[in-house]
Amino acid sequence: MKTYAEIIVNSDVLDIDKPFTYEVTEEFKDHIRQGQLVKVPFGVRNTLTDGFVLGLKYEDDIKGMRIKKVKKISFIEPVLTSDDLSLIEFLRDTYLCKYIDAIRLLIPQGILKGTKNKSKKVIIWIKDIQDKNKEEKYGEILNYIKANDGKFTKSELTKEKNLSLYKINKLIEEEYLGCQEEIVYRYNIREYKAYGEKKLTDEQFMAIEQIKASKNNLYLLKGVTGSGKTEVYMKLVEETIKNGNSAIVLVPEIALTPQMIERFKGRFGKEVALFHSRLSEGERHDEWHRVHDGNAKLIVGARSALFLPARNLGLIIIDEEHENTYKSEQNPKYQTREVAEFLSRLKGCKVIFGSATPSIESYYRAISGEMKLIELNKRVDKKPMPKMQIVDMRNELKSGNMSIFSKELYNSVNEALKNKEQIILFLNRRGFSTFVSCRGCGYVFKCPNCDISMTYHKNGFLVCHYCGKTEKQPKICPKCESKYVKFFGSGTQKVQDEVVKYFPSARVLRMDVDTTRGKNAHENIYNSFKNGEGDILIGTQMISKGLDFPNVTLVGIIAADISINIPDYRSAEKTFQIITQVGGRAGRGEKEGKVIIQTYTPDYYGLIYAKNYDYEGFYNEEFALRGLMGYPPFGKLLLINGSSKNEEQLKVFMKNLAIELKKINNEYTYINMLGPVPCIITKIKDSYRWQILFKGELPQEFCKKIKDRLYEFNKNVYNEIRVSIDINPNNLT
Ligand code: ADP
Ligand code: ZN
Ligand code: ZN
């Protein structure tokens with residue numbers, strides 16, 4: 001009998017997703033284990049490459065194949081635990097990714113590369129001086145070091161603390177002091193202002209008690225904006241750590257949530273590991289180790305933090321669970337919520353999904369009993385919710401007001417400025433304002449098959465990017481016959497110009513992709529506004545997340561129509577969420593808040609329900625619509641994207657691929673196949689883009705067949721055409 005290892009090779013050359021069999025020679029036989037990182041020869045040149053041991057098998061000589069041998073075991077301790085391997089299988093099955101994509105999510109590059117810990121030599125105390133004379137001469141310095149045992153290096157003691165180098169050396173020589181290697185962590189050591197504990201409100205208290213007492217593992221914490229969800233999270237985290245477990249708190253985007261970091265660092269201090277995509281490789285390596293070694297029990301981070309090797313994971317919190325950023329757009333294209341649930345089953349930990357505006361999927365699961373619903377219905381200190389007002393922009397046009405501000409918004413801004421209060425003006429730039437609408441009556445051109453807005457093309461055609469339906473753009477409105485049928489669009493720069501023109505005395509700050517490119521740009525703008533250095537903050541969805549500025553009394557939503565008409569089946573949900581979230585920035589301090597929503601479609605259900613704070617009403621209507629159209633949570637979407645520099649070749653490839661996939665589709669008549677069509681963004685970085693979409697209940701076995709056929713079909717043109725698969729994609733652009 002011989003020992004063989006099934007190994008996943010860490011190589012980008014591969015377009016195949018399978019383990020390779022390697023022989024384990026005598027030398028390694030007793031040491032090799034599942035999950036280890038090893039070195040194996042790979043490719044025609046037998047380049048020494050990293051590999052992961054997926055499993056071992058014991059057989060007589062495997063015949064007929066040229067079997068290569070494992071060359072080295074990199075670390076004795078496995079880098080992947082058996083839980084990790086289960087997670088990897090889950091990611092492969094659910095998101096149709098490759099082994100290596102999943103492994104790379106769990107193991108940072110720095111670990112693979114063997115990035116070294118940074119260390120320094122600190123001075124430690126060994127023993128006290130007994131000799132009276134010596135004590136007189138050296139006592140003071142020894143006692144200082146004893147009090148700061150292991151804290152400083154020799155050079156820190158002499159240069160910064162001004163202690164005598166001669167004396168320290170003498171004490172080391174006579175073994176009163178010693179040197180010791182200490183790991184220095186390359187992590188955020190910034191000091192944060194302490195964020196004190198609050199006396200819980202009754203609602204907060206009840207929520208925490210319910211979660212503590214219940215045997216459930218999944219919770220939806222639905223709390224209105226300003227209800228103090230963070231305080232609930234913190235109490236639960238505290239409890240978890242007290243019980244010797246660790247906790248993960250996920251936020252939608254770390255750079256956009258300075259406040260969350262401030263609060264958690266301010267309460268839990270060094271115990272917190274921060275993890276997100278802006279870390280350097282060294283920082284990432286160190287935070288990974290800090291968590292792995294049990295030195296950081298609380299992780300705060302963006303979605304990738306979920307994959308850190310937390311010890312005894314007891315709690316996962318997903319704040320603003322409805323946010324788009326929880327869906328990864330790189331392989332594996334996972335949905336964080338689903339992975340958290342899987343981890344909960346695997347490790348038995350609790351998961352809290354928090355939001356003022358839960359995703360339709362999560363709320364559906366909560367009311368159908370799959371998660372426990374916990375609600376916070378009041379703001380802290382019984383502060384009233386801001387008053388919402390919808391302004392019909394069609395009337396503004398009729399009365400001759402051509403500016404982007406309605407009379408109502410114009411007056412309210414002036415009023416707030418006069419009272420020295422702050423104002424947020426919000427303009428949605430998510431997606432693409434490529435729709436065509438009538439300014440006279442608000443009519444929007446939509447695809448009758450897919451119920452999403454059609455996209456304008458320069459040649460004067462309207463195209464549905466779900467199913468490909470194309471028609472010529474009418475010159476007059478089919479509803480009211482007005483000639484004001486136009487392409488819709490406005491940018492933050494334009495809003496800023498108008499603000500300067502209409503409110504010349506106001507100090508204006510702007511937060512969008514253009515003004516936040518620098519490393520701390522976002523935080524600087526946030527701090528300026530917080531410190532009252534601006535009267536008006538103009539921003540995109542960046543400003544909708546979790547900001548708590550007490551002096552903001554007015555929020556103006558410049559054009560709700562943009563989010564209503566993004567070509568996405570979730571546009572109503574996104575509109576409802578963004579209005580509620582952005583509106584929730586108003587009136588968080590002493591003074592009452594007001595929200596003005598400008599739109600050409602004032603009767604749109606997403607707006608009306610948001611205005612009335614009627615989540616349930618919105619949910620019921622939206623849920624019914626989803627059912628009618630077969631969109632999630634009633635079914636799934638599977639998106640296949642193809643891209644290539646060669647447009648003609650891509651087109652032919654996608655058409656032939658579609659014929660192949662149609663054959664599979666024919667065995668599953670209840671699944672809809674849409675396309676192939678060009679994507680909404682037809683070209684990115686010189687690459688043309690096409691897509692095919694499947695919609696309906698998609699059994700795993702169907703998805704697997706599609707995946708296998710796709711990769712098989714792509715094999716011969718791997719270098720010319722890139723393909724990808726996405727389950728329930730964020731957007732279909
Ligand atoms: P949410 O995330 O639910 O919108 P936050 O957690 O930001 O709300 O809380 C809103 C505000 O209320 C914050 O300024 C917070 O410090 C404050 N707060 C939260 N809980 C309490 C409490 N129990 N007592 C006093 N203030 C509180
Ligand atoms: Zn019209
Ligand atoms: Zn369509």
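Read the numbers this way: they start at 1 and go in the same order the structure lists the ligands and their atoms.
- The number of heavy-atom neighbours closer than 6.0 Å to OH of Tyr484, taken from other residues, nucleotides and ligands shown, is 12 or below.
- A heavy-atom separation below 4.0 Å is not found between Gly223 and ligand 1.
- Ligand 1 places these atoms under 4.0 Å from at least one heavy atom of Lys199: 22 (C), 23 (N), 24 (N).
- Taking any N or O of Asp381, backbone or side chain, none lies under 3.5 Å from an N or O belonging to ligand 1.
- Heavy atoms of Tyr195 found under 4.0 angstrom from ligand 1 belong exclusively to the side chain.
- Under a 4.0 Å N-O distance rule, the pair Lys530/Glu262 qualifies as a salt bridge.
- Residues Pro633 and Glu361 share a closest heavy-atom pair of CB-CG, 4.2 Å.
- With ligand atoms numbered from 1 in the order given, ligand 1 contributes 23 (N) to contacts under 4.0 Å with heavy atoms of Thr201.
- Our summary of the site lists the angle at the Zn ion (ligand 3) between SG of Cys447 and SG of Cys464 as 110°, to the nearest 10 degrees.
- The Zn ion (ligand 2) is the vertex of the angle joining SG of Cys441 and SG of Cys477, which measures 110° to the nearest 10°.
- A donor and an acceptor atom, one from each side chain of Thr601 and Arg394, are nowhere located under 3.5 Å apart.
- Among the atoms of Val380, none of the N or O lies under 3.5 angstrom from an N or O of ligand 1.
- If you check each of Arg379, Glu231, Met234, Lys198 against atom 25 (C) of ligand 1, the one with the closest non-hydrogen atom is Lys198.
- Counting only N and O atoms by type, the side chains of Ser362 and Glu321 include a donor and acceptor under 3.5 Å apart.
- For the residue pair Glu616 and Tyr363, a side-chain donor N or O sits within less than 3.5 Å of a side-chain acceptor on the partner.
- Proximity annotation for atom 14 (O) of ligand 1: of Thr230, Asp319, Asp548, Asp548 comes nearest, heavy atoms only.
- Judged by distance alone, the side chains of Lys662 and Asn665 do bring a donor and an acceptor atom under 3.5 Å apart.
- Judged purely by atom type and a 3.5 angstrom limit, Lys327 has no side-chain atom pairing as donor or acceptor with the backbone of Asn730.
- Side-chain contact check for Ser406 and Glu396: no donor-acceptor pair (N or O, by modelled atom type) lies under 3.5 Å.
- Residue contacts with ligand 1 leave out Phe205, since none of its heavy atoms falls under 4.0 Å from the ligand.
- Note: Ile578 CD1 to Glu573 CD = 11.5 Å, rounded to the nearest 0.5 Å.
- Heavy-atom contacts of Arg263 reach the following atoms of ligand 1: 5 (P), 6 (O), 7 (O), 13 (C), 14 (O) (cutoff under 4.0 Å).
- Each of the following atoms of ligand 1 lies closer than 4.0 Å to a heavy atom of Thr225: 4 (O).
- Here the Zn ion (ligand 2) is the vertex; the SG atom in Cys438 and the SG atom in Cys480 give an angle of 110° (to 10°).
- At under 3.5 Å, a nitrogen or oxygen of Gly226, whether backbone or side chain, sits near a nitrogen or oxygen of ligand 1.
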